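Have a look at the structure below, then the notes.
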There are 2 protein chains.
Amino acid sequence: MVRKDCPIENTLKLINGKWKSVIIYQISTHGPCHFSELQKLIPDCSKRLLALQLKDLEKAGIIQKQVYSEVPLKTEYTLTEVGESLIPIIKSINQWGEKYTKN
Amino acid sequence: MVRKDCPIENTLKLINGKWKSVIIYQISTHGPCHFSELQKLIPDCSKRLLALQLKDLEKAGIIQKQVYSEVPLKTEYTLTEVGESLIPIIKSINQWGEKYTKN
DNA sequence: CGGCATCCATCAAGATACTG
DNA sequence: CAGTATCTTGATGGATGCCG
């Protein structure tokens with residue numbers, strides 16, 4: 001649908017998509033996270049959606065997934081370098097939101 | 001659906017929504033814009049959608065609309081102060097996109 | 001524990017036509 | 001010129017259940 005180069009939209013497509021930005025934010029402040037940790041940190045995001053968003057983020061090269069084939073299963077999500085480079089932006093968005101949006 | 005305070009999501013809801021960020025970006029670089037100018041600047045955004053997004057942005061207090069009741073009709077969209085405060089963020093998002101997304 | 005599959009409701013967005 | 005109205009469809013997200 002989008003034909004033209006549009007860096008803004010390209011970027012926003014990556015970090016939007018409901019909760020993606022929050023996931024990045026949480027991993028960046030909280031450190032590497034397990035799936036269940038993210039569930040606790042973002043309780044309003046359903047399990048299904050969380051999994052979908054994580055997959056998208058992984059495909060986009062923003063986060064990395066390490067699977068430890070233990071029992072019980074354990075995974076760990078970390079930011080890639082690309083993901084890290086997004087942190088300043090995510091933080092400034094967060095700050096702007098704190099200042100200009102009241103909830 | 002979103003219960004918890006979430007400044008990031010609040011902010012992204014404002015600037016995302018397909019083309020909103022681009023509209024802000026265009027007005028910020030191009031200066032005050034008429035409806036038809038925005039159409040030319042963002043040809044992939046349909047007329048209908050453009051109108052909707054402009055209305056949302058106006059409601060959010062990010063842009064202002066001046067209507068000149070001449071014939072033919074003329075309107076002009078400008079950024080509010082709140083809108084201006086978003087520019088640094090929009091620009092950094094744009095720069096990030098230029099660097100990290102290839103289209 | 002960390003998901004995926006399925007079904008379903010909702011919604012966002014395109015196409016087209018019409019108006020002050 | 002600057003929109004609005006209507007209709008339709010594809011994508012999004014919730015709920016639930018299953019599986020390694």
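Remember, predicted model here, so these are calculated numbers, not experimental data. Just so it is clear, the values below take in all heavy atoms, side chains as well, and ignore hydrogens, waters and symmetry mates. Here is the naming used below: chain letters follow the sequence lines, and residue numbers restart at 1 for every chain.
- Contact annotation: B:K65 side-chain N/O to D:dG3 OP1/OP2 distance is under 4.0 Å.
- Closest approach of B:L38 to B:C33, counting heavy atoms only: CG-CB, 3.7 Å.
- Between A:L52 atom CG and D:dG13 atom P there is a gap of 9 Å when expressed in whole angstrom units.
- Summary of helix geometry: the two end axes of the helix from C:dC1-D:dG20 to C:dG20-D:dC1, each defined by five base pairs via their C1' atoms, are inclined to each other by 50° (rounded to 10°).
- To the nearest angstrom, C1' of C:dA13 lies 14 Å from CG of B:N16.
- Paired with A:I62 under the rule side-chain contact (heavy atoms from CB on, under 4.5 Å), one option of A:I23, A:I27, A:L86, A:D56 passes, and it is A:L86.
- Closest to the side chain of B:K18, out of D:dG13, C:dG14, C:dG3, is C:dG14.
- Nearest nucleotide to the B:L49 side chain, out of C:dA13, D:dA2, D:dG3: C:dA13.
- Residues A:I8 and B:I24 fail the side-chain proximity criterion, which asks for heavy atoms closer than 4.5 Å.
- Between the CD atom of B:E58 and the P atom of D:dA2 there is a distance of 14 Å, given to the nearest Å.
- Following rounding to the nearest Å, A:I42 (CD1) and D:dG13 (P) show an atom-to-atom distance of 14 Å.
- Between A:I90 and A:S28 the shortest side-chain heavy-atom distance does not fall below 4.5 Å.
- One N or O on the side chain of A:T11 and one on the backbone of B:I93 form a donor-acceptor pair closer than 3.5 Å.
- Put simply, CH2 on A:W19 is 13 Å from C1' on D:dG14, counting in whole angstrom units.
- Atoms NZ (B:K20) and P (C:dA13) sit 8 Å apart, rounded to a whole Å.
- Between the CZ atom of B:F35 and the P atom of C:dG20 there is a distance of 18 Å, rounded to whole Å.
- In this structure A:F35 satisfies the side chain to side chain contact (heavy atoms under 4.5 Å, CB included) test together with A:Q39, A:K47, A:L50, A:A51, A:L54, A:T75, A:Y77, sequence neighbours excluded.
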Below 3.5 Å is the cut-off: list the nitrogen or oxygen pairs between protein and nucleotides 15-20 of chain D, distance only.
unit_1	atom_1	unit_2	atom_2	d
D:dA15	N6	A:R48	NE	3.1

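- Judged by distance alone, the side chain of A:E9 and the main-chain N or O of B:K18 form no donor-acceptor pair under 3.5 Å.
- When heavy atoms are screened at a 4.0 angstrom cut-off, B:Y77 is found touching the sugar-phosphate backbone but no base atom.
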query = Is there a side chain to side chain contact (heavy atoms under 4.5 Å, CB included) between B:W96 and A:V82 once you walk through the steps?
reply = CA-CA 10 Å; B:W96 192 94; A:V82 175; 3.6 Å; yes
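- When rounded to the nearest whole Å, the span between CG of B:L50 and P of C:dA13 equals 13 Å.
- OP1 or OP2 of D:dC1 has not a single side-chain nitrogen or oxygen of B:T75 nearer than 4.0 Å.
- For the pair B:I15 and B:K20, the tightest heavy-atom approach, listed with the atom from each and the gap, is O-CB, 3.3 Å.
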